[in-house]
K.L.:
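If you scroll down you'll find the structure; I have some questions about it.
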Amino acid sequence: MRADRLVSLVLLLRRRGRLTADTLARELDVSTRTVLRDIEALSAAGVPVYAERGRHGGFALLPGFRTELTGLNHEEALALLTAGSGRGEQAFGLGSALASAMRKVVDALPESHQAAASDAAQRFLVDPETDLLSRRLVTEEVPGATMIEVRRAVLAGHKLRIHYAATGQAPQWRTVDPIGLVTARDRAYLLATRSGADRTYRLSRVLAAEELPEPAQRPNRVDLDRIWRERSARFLSGSDHITVLVRVNPARREELLDTALAVRAEEPEADGRLLLEVTFQDSRHAEWALWQLGTDAEALAPQSLRTALRERAAAIVARYGDSS
């Protein structure tokens, strides 16, 4: 909305001083011509913004000008700034809105606290792009236009038509009743019903979306946390899933959990190893995951998995055994 953009423009000038039209355009994700029109609109509304000519020129506010925003205390502002520092800023297509909100948060603080809050927030890093082993964490991308349609339908309570590519199937158009949006481990999901049946759609597989004018068939109030837990439990009880009892070196625990669907139980053993009960997508998934850990993991059950791993190890020995 233009009103939000005008506020963001004023906050940018307050925080960073003189800025060129090109810089403002990049920050606000608009054209330079739009920035110039917004500057004219602010001047007409009495905001003391002026242009400085020359090589180092740009637009600036008269010293002392301050927007009137509701203040926040230091801890509240720090919490918001820290939350906004992670990669979750792109969740549900709200990255630009979050950037604007963060500018308002800083501006809402008393001037004596602004520098302290900004510096403190720089001391926290939430969900970096790689872990300590330099493994890059992949965030699934959702086209902006698709995300906007999905988000609008969810918030307006309208039916939603989506072109969805389910695993192993050709993409199909489906009309659903959206309930809410969930993000988990850098993946975003749409919780919905279709013809009264529960459905969960991964947003990265939604190729296109269209908000429909008809109202969605859904309750007025919703407990997304409860719904997510229930659907997760049903997913984990799928017919192809396999539960494995495994003994693992604690140093490799995170690698194991990165590949498993869920951890059902965990306890330390006397020798320092961990005994875990974990669920995998299927037996092939379990075999692959445990093979990656080598001798740092031992599958105790089921016996079929132990047999598969032993046969794989025997095949490797046969291939690379002494041929002299």
K.L.:
Got L42 and L9 here, is their nearest side-chain heavy-atom distance under 4.5 Å?
P.N.:
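They are in side-chain contact.
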K.L.:
If you look at every heavy atom in V154 and G180, which pair is closest and at what distance?
P.N.:
CG1-CA, 3.9 Å
K.L.:
What residues form a side chain to side chain donor-acceptor pair (under 3.5 Å) with R194, not counting sequence neighbours?
P.N.:
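Checked R194 against side chain to side chain donor-acceptor pair (under 3.5 Å); zero matches.
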K.L.:
How long is the gap from OG1 on T34 to CG on L28, to the nearest 0.5 Å?
P.N.:
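Going from OG1 on T34 over to CG on L28, the span is 9.5 Å.
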K.L.:
Are any non-hydrogen side-chain atoms of L19 and L12 less than 4.5 angstrom apart?
P.N.:
yes
K.L.:
Does some side-chain heavy atom of V244 sit less than 4.5 Å from a side-chain heavy atom of E277?
P.N.:
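Answer no - side chains too far apart.
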K.L.:
So, using side-chain contact (heavy atoms from CB on, under 4.5 Å) as the criterion, who are the partners of R226 when residues are at least two apart?
P.N.:
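Residues passing side-chain contact (heavy atoms from CB on, under 4.5 Å) with R226: D223, R229, E230.
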K.L.:
Taking side-chain contact (heavy atoms from CB on, under 4.5 Å) as the definition, give me every residue that meets it alongside R33, ordered by chain and number, with sequence neighbours left out.
P.N.:
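side-chain contact (heavy atoms from CB on, under 4.5 Å) list for R33, sorted by chain: S31, R37.
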K.L.:
Look at the side chain of Y164 and the backbone N and O of R202, then say whether any donor-acceptor pair between them is shorter than 3.5 Å.
P.N.:
yes
K.L.:
Less than 3.5 Å apart, any donor N or O on the side chain of D198 or T193 sitting next to an acceptor on the other?
P.N.:
no
K.L.:
Just verifying a value: how many Å separate L191 CG and Y189 OH, rounded to the nearest 0.5 Å?
P.N.:
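If we round to the nearest 0.5 Å, L191:CG and Y189:OH are 10.5 Å apart.
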K.L.:
Restricting to non-hydrogen atoms, name the atom on P302 and the atom on I242 that form the minimum distance, rounded to 0.1 Å.
P.N.:
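Between these two residues, the closest heavy atoms are CG-CD1, 3.8 Å.
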K.L.:
Under the salt bridge (Lys or Arg N to Asp or Glu O under 4.0 Å) definition, can you give me all pairs with a residue in residues 171-181, not counting sequence neighbours?
P.N.:
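Sorted pair list: K159-D177.
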K.L.:
With sequence neighbours left out, write down each residue that passes ring pair (Phe, Tyr, Trp, His ring centres under 6.0 Å) with W291, or none if nothing qualifies.
P.N.:
none
K.L.:
Within the structure provided, determine whether P178 and L190 are in side-chain contact (heavy-atom separation under 4.5 Å).
P.N.:
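Heavy-atom side-chain distance check passes, below 4.5 Å.
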K.L.:
With E211, which residues qualify under salt bridge (charged side-chain N to carboxylate O under 4.0 Å, His left out), at least two apart?
P.N.:
none
K.L.:
Can you give me the closest heavy-atom contact between L305 and S283, atom names plus distance?
P.N.:
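Result for this residue pair: CD1-O, 4.4 Å.
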K.L.:
Measuring only between side-chain heavy atoms, which start at C-beta, is R273 closer than 4.5 Å to V246?
P.N.:
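No. Closest side-chain heavy atoms not under 4.5 Å.
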K.L.:
Hey, mind stepping through R152 and I148 against side-chain contact (heavy atoms from CB on, under 4.5 Å) and telling me if it holds?
P.N.:
CA-CA 6 Å; R152 284 176 177 171; I148 289 174; 3.4 Å; yes
K.L.:
State which residues pass ring pair (Phe, Tyr, Trp, His ring centres under 6.0 Å) with H158; sequence neighbours excluded, sorted by chain then number.
P.N.:
none
K.L.:
Specify the closest pair of heavy atoms between A260 and F280, including all atoms of both residues, with the distance to one decimal.
P.N.:
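Heavy atoms of A260 and F280 come nearest at CA-CE2, 3.8 Å.
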K.L.:
Tell me, do L224 and L181 make a side-chain contact under 4.5 Å, heavy atoms counted?
P.N.:
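They are not in contact (no side-chain heavy atoms under 4.5 Å apart), so the answer is no.
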K.L.:
Considering only heavy atoms from C-beta outward, does the side chain of V176 approach that of Y201 to under 4.5 Å?
P.N.:
yes
K.L.:
Output yes when E298 and R306 qualify as a salt bridge under the 4.0 Å nitrogen-oxygen rule, no when they do not.
P.N.:
yes
K.L.:
Can you confirm whether N220 is buried at CG, in the sense that more than 12 heavy atoms of other residues, nucleotides or ligands lie under 6.0 Å from that atom?
P.N.:
no
K.L.:
I'd like to know whether V150 forms a side-chain contact (heavy atoms from CB on, under 4.5 Å) with L203, so could you lay out the CA-CA distance, the side-chain angles of the two residues, the decisive distance to 0.1 Å, and finally the verdict.
P.N.:
CA-CA 9 Å; V150 172; L203 287 180; 4.2 Å; yes
K.L.:
Cluster partners of L300, using ILVMFWY side-chain heavy atoms under 4.5 angstrom, listed by chain and number?
P.N.:
L245, L275
K.L.:
Among H241, R264, H285, which residue satisfies the side-chain hydrogen bond (donor to acceptor under 3.5 Å, both in side chains) criterion with T279?
P.N.:
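Of the listed options, the one satisfying the test is R264.
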K.L.:
Please round to the nearest 0.5 Å and tell me the distance separating atom CG of L256 and atom CG of N249.
P.N.:
11.0 Å
K.L.:
Under 3.5 Å, is there a donor-acceptor pair between the T200 and R231 side chains?
P.N.:
yes
K.L.:
Could I get the full list of ring pair (Phe, Tyr, Trp, His ring centres under 6.0 Å) partners for W288, not counting sequence neighbours?
P.N.:
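For W288 there are no ring pair (Phe, Tyr, Trp, His ring centres under 6.0 Å) partners, ignoring immediate neighbours.
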K.L.:
Who passes salt bridge (charged side-chain N to carboxylate O under 4.0 Å, His left out) against E52, sequence neighbours left out?
P.N.:
R18
K.L.:
Salt-bridge test for E27 and R16: reply yes if a basic N is under 4.0 Å from a carboxylate O, no otherwise.
P.N.:
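The answer is yes: the pair qualifies as a salt bridge.
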K.L.:
Can you measure from CG (L36) to CG (L24) and round to the nearest 0.5 angstrom?
P.N.:
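Reported value, rounded in 0.5 Å steps: 9.5 Å.
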K.L.:
Within this structure, what is the OG1-NE2 distance for the pair T146 and H163, rounded to the nearest 0.5 Å?
P.N.:
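That separation rounds to 11.0 Å.
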K.L.:
CD1/I316 to CD/E311 distance, rounded to the nearest 0.5 angstrom?
P.N.:
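With rounding to 0.5 Å, CD1 (I316) is 13.0 Å from CD (E311).
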K.L.:
Can you tell which of E214, E149, E210 makes a salt bridge (Lys or Arg N to Asp or Glu O under 4.0 Å) with R161?
P.N.:
E210
K.L.:
Determine which pairs satisfy salt bridge (Lys or Arg N to Asp or Glu O under 4.0 Å) with at least one residue from residues 281-297, sequence neighbours left out, and list them in order.
P.N.:
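Sorted pair list: R252-D296, E287-R312.
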K.L.:
Mind checking what makes salt bridge (charged side-chain N to carboxylate O under 4.0 Å, His left out) contact with R253, not counting sequence neighbours?
P.N.:
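Partners of R253 by the salt bridge (charged side-chain N to carboxylate O under 4.0 Å, His left out) criterion, ordered by chain and then number, come out as E266.
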K.L.:
Check A165 against L207 and note the closest heavy-atom contact, atom names and distance.
P.N.:
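Closest heavy-atom pair between A165 and L207: CB-CD1, 4.2 Å.
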K.L.:
Answer yes or no: is there a side-chain heavy-atom contact under 4.5 Å between L160 and T175?
P.N.:
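They are not in contact (no side-chain heavy atoms under 4.5 Å apart), so the answer is no.
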